[in-house]
Amino acid sequence: MTSSEGSVPDMNWSCGGNAVATGHSGSNDDFQKDVCDIDACQGDAPSSQREEHLTRQIQMENSENPIFPIIFHAKSPFELEYIKSLEQENSLKIPEGEVVITTRSEQQIASDDECFKLDLYMDNLSTNQFGRLLIWSPRLSSTHTLLSKNFSAFPVGTTCVADIQLLGKGRANNIWESPQGCLMFSFTLQMDNGRILPLLQYVVSLAIIEAIEAVCEAKFLPPPNVRIKWPNDIYAEGLKIGGVLCTSTYSSERFNVTVGIGLNLDNEKPTTCLNSLLQKSTTNTHILRKEELLVAFFGKFEVLLDVFLKQVSKRCC
């Protein structure tokens with residue numbers, strides 16, 4: 001990209017994915033290979049699943065201007081001011097289609113329990129910066145793209161959540177389809193020290209693990225054995241359940257960072273999911289909700305990031 005300090009390339013220093021599904025690199029040939037990969041992973045996968053995967057991609061490729069509805073929710077009057085200005089300008093852009101800002105009433109139509117509940121999330125959030133301005137969409141090309149392409153339009157800490165991602169971001173510019181049943185979100189932050197940027201993904205990954213453990217403990221459940229697999233995959237009981245993607249651009253002597261996370265809560269195939277692992281110790285069908293896990297994540301991340309930055313500052317001084 002071109003910044004006020006000169007030309008500095010965009011950085012993608014993460015090797016994970018913002019989804020937990022089968023990757024799609026973009027071409028029709030690659031997409032056909034991905035459909036085969038689904039069969040290989042799932043064995044007797046129903047034809048309806050393969051057809052749905054293919055149908056979504058065809059719709060994205062054939063539609064000249066796909067429409068992606070988004071809904072804003074804020075924690076305080078400060079964030080509400082941003083919402084008002086964005087609603088007036090309605091200038092958010094993504095390359096895959098048109099972003100349409102809708103009213104809160106539209107979410108009432110989506111009564112599916114899989115739908116992210118804005119009020120449930122916001123009522124339990126207690127952070128100082130992160131997650132306080134929330135963008136939610138029932139379907140979106142990529143939460144990561146929406147924030148990174150409109151970074152300057154939002155306050156730092158803005159979060160975007162989608163129930164379904166059609167073009168989620170992964171390593172090496174891979175594109176991933178992300179179905180319902182996953183917690184898929186991205187958020188923004190800024191950093192001054194470029195030397196420590198590659199370490200941020202480990203702070204994020206650690207916050208994910210601590211959030212899972214905290215929610216399980218609050219429900220008196222033994223947490224699954226969740227670990228970080230280098231460099232930024234999240235594994236539970238030896239199987240991948242999530243990943244992290246961090247990208248940044250440089251402008252005005254700061255790094256604008258977009259962090260994307262995908263965590264599989266309810267899809268048992270092709271590997272496993274968090275709730276499936278937890279069902280071994282309880283009869284509840286939906287043990288962990290996306291909203292409570294996201295609240296716990298930001299609570300942990302805000303503390304860990306502060307500790308991380310203070311430790312770095314001490315070593316540099």
Side-chain angles (χ1 to χ4, degrees), residues 14 16 18-20 70-80 82-83 115-137 140 143-144 146-148 151 154-163 165 178 182-191 197 199-219 223 226 228 232 234 241-248 256-265 274 287-310:
S14 171
N18 186 21
V20 192
I70 63 174
I71 293 175
F72 286 97
H73 199 14
K75 184 69 175 179
S76 72
F78 173 76
E79 290 87 15
L80 283 173
Y82 275 91
I83 294 178
C115 173
F116 191 87
K117 302 299 187 292
L118 300 177
D119 290 331
L120 178 61
Y121 163 79
M122 201 61 75
D123 289 346
N124 289 279
L125 186 71
S126 59
T127 56
N128 294 319
Q129 182 178 39
F130 294 100
R132 295 175 62 88
L133 176 57
L134 183 75
I135 306 168
W136 170 79
S137 177
L140 192 62
T143 61
H144 201 278
L146 178 63
L147 291 185
S148 62
F151 193 97
F154 306 117
V156 171
T158 296
T159 302
C160 183
V161 178
D163 290 336
Q165 276 192 141
S178 312
C182 296
L183 172 59
M184 297 166 289
F185 68 100
S186 299
F187 66 97
T188 63
L189 71 153
Q190 288 183 318
M191 300 185 72
L197 274 176
L199 301 178
L200 178 64
Q201 61 190 6
Y202 304 115
V203 180
V204 174
S205 298
L206 183 58
I208 293 172
I209 294 175
E210 290 196 0
I212 294 171
E213 292 176 346
V215 174
C216 288
E217 290 174 3
K219 295 175 177 288
V226 184
I228 302 171
N232 55 346
I234 308 299
I241 59 168
V244 178
L245 175 70
C246 299
T247 63
S248 68
N256 297 328
V257 184
T258 305
V259 179
I261 298 170
L263 195 61
N264 188 358
L265 267 67
L274 271 174
I287 303 167
L288 302 185
R289 288 195 60 90
K290 292 181 285 187
E291 300 86 357
E292 62 186 358
L293 197 54
L294 187 56
V295 166
F297 166 78
F298 280 126
K300 296 295 184 180
F301 175 74
E302 198 164 81
V303 173
L304 290 173
L305 180 64
D306 182 62
V307 172
F308 172 66
L309 295 177
K310 286 180 178 178

| task | Kindly determine whether Cys160 and Leu140 satisfy side chain to side chain contact (heavy atoms under 4.5 Å, CB included), including the steps that lead there. | result | CA-CA 10 Å; Cys160 183; Leu140 192 62; 3.7 Å; yes

| From Leu288, Val295, Leu274, residue fulfilling side chain to side chain contact (heavy atoms under 4.5 Å, CB included) relative to Val215 | Leu288

| message | Donor-acceptor pair, distance only, cut-off 3.5 Å: does the side chain of Gln201 make one with the backbone of Cys246? | response |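 No, the answer is negative, given that no donor and acceptor are paired below the 3.5 Å cut-off.
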
| Within the distance-only criterion (no hydrogens, no angle test), does the side chain of Gln129 pair as donor or acceptor with the backbone N or O of Glu302 below 3.5 angstrom? | no

| Worked verdict on Glu291 versus Asn124 for side chain to side chain contact (heavy atoms under 4.5 Å, CB included) | CA-CA 9 Å; Glu291 300 86 357; Asn124 289 279; over 6 Å; no

| request: Please report the C-alpha distance between Lys290 and Val161 in whole Å, then the side-chain angles of each, then the deciding distance to 0.1 Å, and finally whether the side chain to side chain contact (heavy atoms under 4.5 Å, CB included) criterion is met. | output: CA-CA 10 Å; Lys290 292 181 285 187; Val161 178; over 6 Å; no

Which heavy atom in [X] sits nearest to a heavy atom in [Y], and how many Å separate them?
X	Y	answer
Thr127	Gly299	CG2-N, 3.9 Å
Tyr121	Gly131	OH-O, 2.8 Å
Lys300	Ala214	CE-CB, 3.9 Å
Ser248	Leu197	OG-CD1, 3.9 Å
Asp163	Cys115	OD2-CA, 3.5 Å
Ser186	Gly260	OG-CA, 3.5 Å

Flag the pair [X] / [Y] as yes when at least one side-chain heavy-atom distance between them is below 4.5 Å, and no otherwise.
X	Y	value
Leu183	Ile261	no
Tyr202	Val244	no
Glu213	Val226	no
Leu263	Ile241	yes
Ile135	Leu147	yes

| With sequence neighbours excluded, what pairs up with Glu79 under the salt bridge (charged side-chain N to carboxylate O under 4.0 Å, His left out) test? |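 Glu79 satisfies salt bridge (charged side-chain N to carboxylate O under 4.0 Å, His left out) with Arg132 only.
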
| field | Pair Lys219-Glu292, salt bridge (charged side-chain N to carboxylate O under 4.0 Å, His left out): steps then yes or no | value | CA-CA 11 Å; Lys219 295 175 177 288; Glu292 62 186 358; 3.4 Å; yes

Nearest-0.5 Å distance, [atom1] of residue [X] to [atom2] of residue [Y]:
X	Y	atom1	atom2	result
Trp136	Ile71	CH2	CD1	5.0 Å
Leu133	Tyr82	CG	OH	9.0 Å
Leu125	Phe298	CG	CZ	8.0 Å
His73	Ile83	NE2	CD1	8.5 Å
Thr159	Phe154	OG1	CZ	11.0 Å
Met184	Thr143	CE	OG1	8.0 Å

| query | What residues form a ring-ring contact (aromatic ring centres under 6.0 Å, His included) with Phe130, not counting sequence neighbours? | reply | Phe187, Phe301

| task | Kindly determine whether Thr188 and Asn256 satisfy side chain to side chain contact (heavy atoms under 4.5 Å, CB included), including the steps that lead there. | result | CA-CA 7 Å; Thr188 63; Asn256 297 328; over 6 Å; no

